[in-house]
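Working notes, beginning with the structure itself.
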Protein chains: 2
Amino acid sequence: MNKDKQAFYEVFTALQCFILAHMHKGEVNGVTATHYNLIEYIYRHDQCTGKQVAKAFNISPPAVSRQFKFLIAQGLIEQEQSPEDRRIFHLRVTGKGRFIVDNSENFRETVAQKASQNLSKTELKSLTALLSKVMDKIGTKGA
Amino acid sequence: MNKDKQAFYEVFTALQCFILAHMHKGEVNGVTATHYNLIEYIYRHDQCTGKQVAKAFNISPPAVSRQFKFLIAQGLIEQEQSPEDRRIFHLRVTGKGRFIVDNSENFRETVAQKASQNLSKTELKSLTALLSKVMDKIGTKGA
DNA sequence: GCTAATAGTTAACAAAGTTAACTATTAAGA
DNA sequence: TCTTAATAGTTAACTTTGTTAACTATTAGC
């Protein structure tokens with residue numbers, strides 16, 4: 001591995017450790033980080049389906065199913081059977097769920113805050129563009 | 001949230017989802033991603049202790065203890081009681097463990113590979129520097 | 001030397017992942 | 001049209017891995 005790549009590898013390792021460490025943190029606003037991520041996904045992908053969520057999070061349908069059961073019981077999301085294809089249930093967040101997303105100081109927001117505070121406008125734009133470029137390449141060919 | 005920060009937030013969200021998704025992937029070379037991360041940490045922090053690992057991964061000492069039990073049983077790491085302070089057990093990876101780290105096409109290496117392939121030398125250096133700057137700021141003040 | 005602190009382990013439990021087998025529904029083809 | 005295959009989602013049984021509480025062994029402080 002060349003020197004530049006190695007340097008990137010190391011900072012990326014730190015980033016991954018940091019992200020993973022934050023998944024184990026306790027709940028904020030009554031929901032865990034995992035629940036929060038699910039709610040936010042549904043918020044940003046209104047009317048999405050369970051299958052779609054399972055794929056996005058790379059977890060099995062039963063895992064998704066159980067999480068939804070919990071989130072529905074908590075009144076954070078709702079399901080509605082599609083009239084066109086009754087196998088499908090469309091998802092949306094409730095007012096309570098939306099409130100949590102809108103008012104949570106979540107982990108990503110904290111990182112974005114730090115990034116925007118500590119980098120110049122040009123640097124932040126550059127970081128976003130570069131990260132995005134790498135993510136695109138990974139996404140298209142699959143890691 | 002301003003526009004640039006929002007843009008960063010979004011690409012960072014994609015990155016987080018991607019990292020989390022890869023933690024659920026099955027095993028490679030007979031070890032899961034979680035085990036791999038532990039082995040690699042011990043490899044890169046030779047003679048470290050359980051307490052240190054627990055702190056680095058933000059997991060409790062019993063969780064670390066159980067993982068070590070498994071990794072020792074698999075012959076991937078070894079423990080040795082410190083002669084100076086017999087409460088402490090120093091860790092190191094075995095030859096088998098080292099082989100896995102050296103020969104694993106791990107997730108981070110794949111990302112580093114893509115980054116180095118798809119960015120110019122200047123871009124890669126810039127990305128590393130910017131990421132590192134943000135990580136430092138997060139680390140120092142705690143997220 | 002007694003007491004407090006530290007490193008690590010064991011036990012009991014909870015959360016969240018998995019696969020296998022199921023229901024309900026839709027699509028497809030003889 | 002009717003049977004068969006495929007799809008979306010659920011339930012059950014199990015595994016992994018996290019947690020806290022309580023424990024042992026060892027060291028440090030007065």
Side-chain angles (χ1 to χ4, degrees), chain A residues 17 19-28 30-39 41-42 45 47-74 76-92 107, chain B residues 17 19-28 30-39 41-42 45 47-74 76-92 107:
Chain A
C17 285
I19 287 177
L20 295 177
H22 275 264
M23 290 307 290
H24 301 313
K25 284 278 170 71
E27 47 188 55
V28 181
V31 294
T32 64
T34 309
H35 293 148
Y36 179 86
N37 287 333
L38 286 169
I39 298 167
Y41 182 90
I42 295 166
H45 299 82
Q47 304 302 316
C48 66
T49 67
K51 189 173 174 56
Q52 206 175 321
V53 172
K55 198 179 170 191
F57 285 81
N58 200 28
I59 53 180
S60 62
V64 167
S65 185
R66 199 200 297 113
Q67 292 287 6
F68 286 175
K69 209 170 176 178
F70 172 83
L71 294 174
I72 290 167
Q74 299 293 310
L76 296 166
I77 66 166
E78 287 170 341
Q79 258 180 342
E80 192 175 13
Q81 195 167 32
S82 164
E84 293 93 42
D85 184 340
R86 293 190 302 176
R87 287 171 301 184
I88 292 174
F89 291 81
H90 289 292
L91 300 159
R92 63 163 171 275
F107 161 68
Chain B
C17 284
I19 288 177
L20 295 177
H22 275 262
M23 291 306 290
H24 300 313
K25 284 278 171 71
E27 46 189 55
V28 181
V31 295
T32 63
T34 309
H35 293 148
Y36 179 85
N37 288 333
L38 286 168
I39 298 167
Y41 182 91
I42 295 166
H45 300 82
Q47 304 302 316
C48 66
T49 67
K51 189 172 175 55
Q52 206 175 321
V53 172
K55 199 180 171 190
F57 286 80
N58 200 29
I59 54 181
S60 62
V64 167
S65 185
R66 198 196 302 112
Q67 292 286 8
F68 286 175
K69 209 170 176 178
F70 172 83
L71 294 174
I72 291 167
Q74 300 294 311
L76 296 166
I77 66 166
E78 287 170 341
Q79 259 181 341
E80 193 176 13
Q81 196 166 33
S82 164
E84 293 92 42
D85 184 340
R86 293 191 302 176
R87 288 171 301 183
I88 291 174
F89 291 81
H90 289 293
L91 301 159
R92 63 164 170 273
F107 160 68

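As the structure is a prediction and not an experimental result, all values here were calculated from the model. Convention: sequence-line order gives letters A, B, ...; per-chain numbering from 1.
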Round to a whole Å and report the spacing from [atom1] of [X] to [atom2] of [N].
X: B/Lys51; N: D/dT26; atom1: NZ; atom2: C1'; value: 15 Å
X: A/Phe68; N: D/dT11; atom1: CZ; atom2: P; value: 14 Å
X: A/Leu71; N: D/dG9; atom1: CG; atom2: C1'; value: 16 Å
X: B/Leu20; N: C/dG17; atom1: CG; atom2: C1'; value: 14 Å
X: B/His90; N: C/dA7; atom1: NE2; atom2: P; value: 12 Å
X: B/Leu38; N: D/dT16; atom1: CG; atom2: P; value: 15 Å
X: B/Ile88; N: C/dT9; atom1: CD1; atom2: C1'; value: 16 Å
X: A/Phe70; N: D/dG9; atom1: CZ; atom2: P; value: 20 Å

Check this one for me: any side-chain N or O of [X] less than 4.0 Å away from OP1 or OP2 of [N]?
X: B/Lys69; N: C/dT10; value: yes
X: B/Gln67; N: D/dG18; value: yes
X: B/Gln52; N: C/dT6; value: no
X: A/His35; N: C/dA16; value: yes

Side chain of [X], heavy atoms from C-beta onward: which of [options] has the nearest atom to it?
X: B/Thr32; options: D/dT26, D/dT17, D/dG9; result: D/dT17
X: A/Arg86; options: D/dT17, D/dA13, C/dT25; result: C/dT25
X: B/Arg66; options: D/dT19, C/dT10, D/dA13; result: D/dT19
X: A/Ala63; options: D/dG9, C/dT9, C/dT18; result: C/dT18

Report the distance from atom [atom1] of [X] to atom [atom2] of [Y], rounding to the nearest 0.5 Å.
X: B/Lys69; Y: B/Gln79; atom1: NZ; atom2: CD; value: 11.0 Å
X: B/Asn37; Y: B/Thr32; atom1: CG; atom2: OG1; value: 8.5 Å
X: A/Glu78; Y: A/Leu71; atom1: CD; atom2: CG; value: 12.0 Å
X: A/Thr34; Y: B/Leu20; atom1: OG1; atom2: CG; value: 8.0 Å
X: B/Cys48; Y: B/Tyr41; atom1: SG; atom2: OH; value: 5.5 Å
X: A/Ser65; Y: A/Phe70; atom1: OG; atom2: CZ; value: 14.5 Å

Please compare A/Asp85 and A/Thr34 by the position of their nearest nucleotide in DNA chain C and report the one closer to 5'.
A/Thr34

Heavy-atom side-chain contact between A/Phe68 and A/Ile42 under 4.5 Å
yes

Enumerate the residues from residues 53-62 of chain A whose closest heavy atom to DNA chain D is under 4.0 Å, giving them by residue number; use none for an empty result.
A/Pro61, A/Pro62

Counting distance alone, no hydrogens or angles: does the base of C/dT6 have a donor or acceptor under 3.5 Å from a partner atom on the side chain of B/Arg87?
yes

Please tell me whether A/His35 and A/Gln67 have a donor and an acceptor in their side chains that are separated by less than 3.5 angstrom.
yes

Taking any heavy-atom pair under 4.0 Å as a contact, classify A/Gln81: base, sugar-phosphate, or nothing.
nothing

